[in-house]
Amino acid sequence: MSDRFGGGSKAEECAKAVNRVLKELGMACTVGTEVKNRCEISILSYGKSGNTIKNGFSGNLASQAVVTMPELVANCLRVDKVKRKVSDGAGGLVEIDDDFPIWIEPAAIGGTPMAEAFQEAYNLVSNWTQSHKSSFPPVVINITDGEPNDESKAKTAALQLSQTGTDDGNTLILNAHISTKMGGKVELPSSANGLPDSYAKFLFNISSELPSVMLDGARAVGFEPSNGARGFVYNADAEVMIRLLDIGTKQQLR
């Protein structure tokens, strides 16, 4: 995750995308001065030495396996200033400073213990669904830039995770393989035919078919999925990764 990607490293761009999504989730759940708990979130960081799977949050949220939206909004690590272009009201654009809360810091160390990450996600999801039976099913988004340490174990763990769920359906697994390679980009395929290699087929096979609400969300952010499309992008750039995060998170709140 230390390779160059977009405007920074893969780790930096992933952290930036996740922080952006967290900010927008907080805004979507805020009515006036009240932050409504319309969804709950966990973030797992994996890839460090020793196959460590850890809470991606730090600071005040480091000890919480699941974070509510009021807790999220109240507990960012810091607020950075970023440049953003807005309309000047006369047909042009002006650059302003915008507040950008930071919850997740980038890290890029070690291998790819994907099986262990899916197993920890299974533990979190199993506990959460016991008390949220009437909710929209959990959505698990896996962002990776490399093959798992053990593909067979990762497949088994992902299958186990996909069999959890709520009364509204099974847990949904979305996979984003990010890369700096030219060509070979795959976006929300409905078939494994034509995928470039066995690793792409592995990720396709463990990705969930998108329900209608997420198909609509995908089209709203520029994808062109057919019926039966799965939540999977391959050799994705930063922009495609962000759009997959969008359909996996905010679309269910609209």
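These figures come from a predicted structure and were not determined experimentally. Numbering starts at 1 and runs along the sequence shown.
Cation-pi contact between R230 and F204: present, with separation from the ring centre below 6.0 Å and deviation from the ring axis of at most 45°.
Going from atom CG of N205 over to atom CD1 of I173 covers 12.0 Å, rounded to the nearest 0.5 Å. In this structure, CG in N75 is found 9.0 Å from OG1 in T68, a value given to the nearest 0.5 Å. The line from CD1 of I242 to CD1 of I247 is 13.5 Å long, rounded to the nearest 0.5 Å.
Using a 4.5 Å cut-off on side-chain heavy atoms (C-beta onward), V240 and I178 make no contact. Contact check for N19 versus F100: side-chain heavy atoms found under the 4.5 Å cut-off. Using a 4.5 Å cut-off on side-chain heavy atoms (C-beta onward), S162 and T171 make no contact. Counting heavy atoms from C-beta on, the side chains of F202 and D197 never come closer than 4.5 Å. At a threshold of 4.5 Å between non-hydrogen side-chain atoms, the residues F136 and L172 count as touching. Counting heavy atoms from C-beta outward, L61 and W103 have side chains that approach closer than 4.5 Å. The side-chain heavy atoms of F57 and L72, taken from C-beta on, include a pair separated by under 4.5 Å.
Residues K81 and D98 are not paired through a salt bridge, judged by the lack of any N-O separation under 4.0 Å between the basic side chain and the carboxylate. Look at E13 and R20 and you find no salt bridge, because none of the NZ, NE, NH1 or NH2 atoms lies under 4.0 Å from a carboxylate O. By the 4.0 Å N-to-carboxylate-O rule, D216 lies close enough to R219 to be salt-bridged with it. Using a 4.0 Å cut-off between charged nitrogen and carboxylate oxygen, E151 and K153 do not count as a salt-bridge pair. A salt bridge links K185 with D237: at least one charged nitrogen is closer than 4.0 Å to a carboxylate oxygen. Between K16 and E12, none of the side-chain N atoms (NZ, or NE/NH1/NH2) sits under 4.0 Å from a carboxylate O, so this pair counts as no salt bridge.
Between the side chain of S208 and the backbone N or O of L210, no donor-acceptor pair lies under 3.5 Å. Without hydrogens or angle criteria, N142 side chain to N175 main chain gives no donor-acceptor distance under 3.5 Å.
At most 12 non-hydrogen atoms from other residues, nucleotides or ligands lie less than 6.0 angstrom from CD of E224.
Cluster membership for F118 and L44, using ILVMFWY side-chain heavy atoms within less than 4.5 angstrom, is shared.
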Can you list the steps and then say if F232 with H177 is a ring-ring contact (aromatic ring centres under 6.0 Å, His included)? CA-CA 8 Å; F232 164 53; H177 172 264; 8.3 Å; no
